[in-house]
A.B. asks: 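First the structure, which I've put down as structure tokens, then a few questions once you've had a look.
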Amino acid sequence: MSTIIVSIFTVAYYIVTIFLVRKVKFSTRDLCLCAVVIAMTLILQSIRFLLPTGATICLCSPVPLMLLAVVKDYRLAILSGWVCGLLALVLIPGWQLVHWGQFFVEHMICFSCLGYTGVFGTDKQYKIIGGMVLASCLKIAGHLFSGVLFFSQNAWDGWSAWGYSWTYNLSQNVPLCILSAIIVLLLPLKTLKRIVNR
């Protein structure tokens with residue numbers, strides 16, 4: 001049953017996401033901006049702090065991709081997230097695969113979904129907040145499902161795969177997403193938009 005749920009989520013995510021980015025066009029400036037965002041994301045993802053649950057929380061790595069989605073184009077943030085997922089395999093300790101399916105369920109979703117921050121629009125703060133909530137839920141779901149399928153052998157004594165994955169992943173991703181969202185909202189977004197799109 002777990003495999004079916006994860007498969008439906010994963011396939012649905014890719015269908016919707018590919019549809020959203022199908023007509024995106026890059027300029028040279030866009031490519032340079034994406035490269036900077038990717039580098040910043042991977043650096044922040046590499047700086048981690050240990051939590052009592054055994055999970056680790058990184059140094060607000062969602063911020064660059066969320067910011068790109070808000071000040072430039074959410075489609076660029078999604079595509080940059082896919083590149084982050086690929087590069088994380090070789091550059092970030094702890095992101096090595098334990099199963100080939102993990103690549104599609106976790107690596108390629110948990111970065112690219114941050115682009116959904118801008119999917120509802122960026123002209124109003126409530127639209128940005130709605131996008132952040134959606135992006136955060138998708139990120140948490142990717143980690144949760146990966147934990148259930150590929151890391152259930154690490155479950156604590158007496159814990160089910162779902163209970164373990166919920167506790168482990170919520171303890172690191174909920175604070176991370178909330179803090180990242182607060183940081184983005186505190187930034188001068190209108191000024192950054194003008195600078196990036198000048």
A.B. asks: Just so I know, are the side chains of Arg48 and Gln172 near enough to count as touching, which here means a heavy-atom distance under 4.5 Å?
C.D. replies: yes

A.B. asks: Do Ile47 and Leu87 land in one hydrophobic cluster if side-chain heavy atoms of ILVMFWY residues count as linked below 4.5 Å?
C.D. replies: no

A.B. asks: Give me the ring orientation class for Tyr168 and Trp156: parallel if the planes are under 30° apart, tilted from 30 to 60°, perpendicular past 60°.
C.D. replies: tilted

A.B. asks: Could you tell me whether the side chain of Asn197 reaches within less than 4.5 Å of the side chain of Val71, counting heavy atoms only?
C.D. replies: no

A.B. asks: How close do Leu144 and Ser165 get, counting heavy atoms only, and between which atoms?
C.D. replies: O-OG, 2.7 Å

A.B. asks: Distance check, rounded to the nearest 0.5 Å: Cys110 atom SG versus Asn173 atom CG?
C.D. replies: 7.5 Å

A.B. asks: Test Ile4 against Ile8 for side-chain contact (heavy atoms from CB on, under 4.5 Å), laying out the working first.
C.D. replies: CA-CA 6 Å; Ile4 294 172; Ile8 291 171; 3.8 Å; yes

A.B. asks: Would Phe103 and Leu89 satisfy side-chain contact (heavy atoms from CB on, under 4.5 Å), going step by step from the backbone distance to the final call?
C.D. replies: CA-CA 9 Å; Phe103 176 74; Leu89 287 171; 3.8 Å; yes

A.B. asks: Do Thr191 and Ile195 touch side chain to side chain, with heavy atoms closer than 4.5 Å?
C.D. replies: yes

A.B. asks: What distance separates Ile15 CD1 from Ile18 CD1, expressed to the nearest 0.5 Å?
C.D. replies: 8.0 Å

A.B. asks: With side chains defined as the heavy atoms from C-beta onward, is the minimum distance between Ser27 and Asp30 less than 4.5 Å?
C.D. replies: yes

A.B. asks: Grouping I, L, V, M, F, W and Y whenever their side-chain heavy atoms are under 4.5 Å apart, do Val36 and Phe26 come out in a common cluster?
C.D. replies: no

A.B. asks: Looking only at non-hydrogen atoms, find the nearest pair between Ala155 and Ser160 and report the distance.
C.D. replies: CB-O, 4.3 Å

A.B. asks: Do the non-hydrogen side-chain atoms of Leu86 and Met108 ever get within less than 4.5 Å of each other?
C.D. replies: yes

A.B. asks: A side-chain contact here means heavy atoms from C-beta on lying under 4.5 Å apart; do Leu44 and Pro64 qualify?
C.D. replies: yes

A.B. asks: Verify the cluster assignment for Leu91 and Met40: are they in a single hydrophobic cluster under the rule of side-chain heavy atoms below 4.5 Å apart?
C.D. replies: no

A.B. asks: Rounded to the nearest 0.5 Å, how far apart are NZ of Lys139 and CZ of Phe111?
C.D. replies: 6.0 Å

A.B. asks: To the closest 0.5 Å, what do you measure between CD1 (Ile43) and CD1 (Ile92)?
C.D. replies: 10.0 Å

A.B. asks: Ignoring hydrogens and geometry, is there a side-chain-to-backbone donor-acceptor pair from Tyr13 to Cys113 under 3.5 Å?
C.D. replies: yes

A.B. asks: Does any N or O in the side chain of Thr10 come within less than 3.5 Å of the main-chain N or O of Val6, such that one atom is a donor and the other an acceptor?
C.D. replies: yes

A.B. asks: Would you please test Leu170 and Ile140 for side-chain contact (heavy atoms from CB on, under 4.5 Å) and show each step?
C.D. replies: CA-CA 7 Å; Leu170 289 181; Ile140 291 169; 3.7 Å; yes

A.B. asks: Can you name the nearest heavy-atom pair linking Leu68 to Ser80, along with the distance?
C.D. replies: CD2-OG, 3.7 Å

A.B. asks: Whether the side chain of Ser46 engages the backbone of Leu42 through a donor-acceptor N/O pair (distance < 3.5 Å, no angle test) should be reported.
C.D. replies: yes

A.B. asks: Do Tyr164 and Leu51 land in one hydrophobic cluster if side-chain heavy atoms of ILVMFWY residues count as linked below 4.5 Å?
C.D. replies: no

A.B. asks: Got a list of side-chain donor-acceptor pairs under 3.5 Å for residues 126-138, not counting sequence neighbours?
C.D. replies:
from	atom 1	to	atom 2	distance (Å)
Lys127	NZ	Asp123	OD1	3.1
Lys127	NZ	Asp123	OD2	3.4
Ser136	OG	Met132	O	2.8

A.B. asks: What is the distance from atom CG of Leu179 to atom CD1 of Ile183, rounded to the nearest 0.5 Å?
C.D. replies: 4.0 Å

A.B. asks: To check you understand the geometry: which heavy-atom pair defines the closest contact between Ile57 and Pro175, and what is its length?
C.D. replies: CD1-CB, 3.9 Å

A.B. asks: What is the minimum heavy-atom distance between Gln45 and Ser61, and which atoms define it?
C.D. replies: OE1-OG, 2.6 Å

A.B. asks: Under 4.5 Å between side-chain heavy atoms, counting indirect links through other Ile/Leu/Val/Met/Phe/Trp/Tyr residues: same cluster for Val83 and Ile109 or not?
C.D. replies: yes

A.B. asks: Looking at Met66 and Thr117, what are the two nearest heavy atoms and their distance?
C.D. replies: CG-OG1, 3.3 Å

A.B. asks: Within this structure, what is the OH-CZ distance for the pair Tyr14 and Phe9, rounded to the nearest 0.5 Å?
C.D. replies: 9.0 Å

A.B. asks: Using a 6.0 Å cut-off, check whether atom CH2 of Trp166 has over 12 heavy atoms from anything other than its own residue.
C.D. replies: no

A.B. asks: The criterion is ring pair (Phe, Tyr, Trp, His ring centres under 6.0 Å); which residues satisfy it with Phe104, sequence neighbours excluded?
C.D. replies: none

A.B. asks: Go through the steps for Tyr74 and Thr122 under the test side chain to side chain donor-acceptor pair (under 3.5 Å), then give the verdict.
C.D. replies: CA-CA 10 Å; Tyr74 72 89; Thr122 60; over 6 Å; no

A.B. asks: Which is it for Leu33 and Leu76 under the side-chain contact (heavy atoms from CB on, under 4.5 Å) test, yes or no, and what are the steps along the way?
C.D. replies: CA-CA 9 Å; Leu33 181 60; Leu76 295 180; 5.6 Å; no

A.B. asks: Keeping Arg75 on the side-chain end and Lys25 on the backbone end, is there a donor-acceptor pair under 3.5 Å?
C.D. replies: no

A.B. asks: Taking CZ in Phe49 as the centre, count heavy atoms belonging to other residues, nucleotides or ligands within less than 6.0 Å. Is the count above 12?
C.D. replies: yes

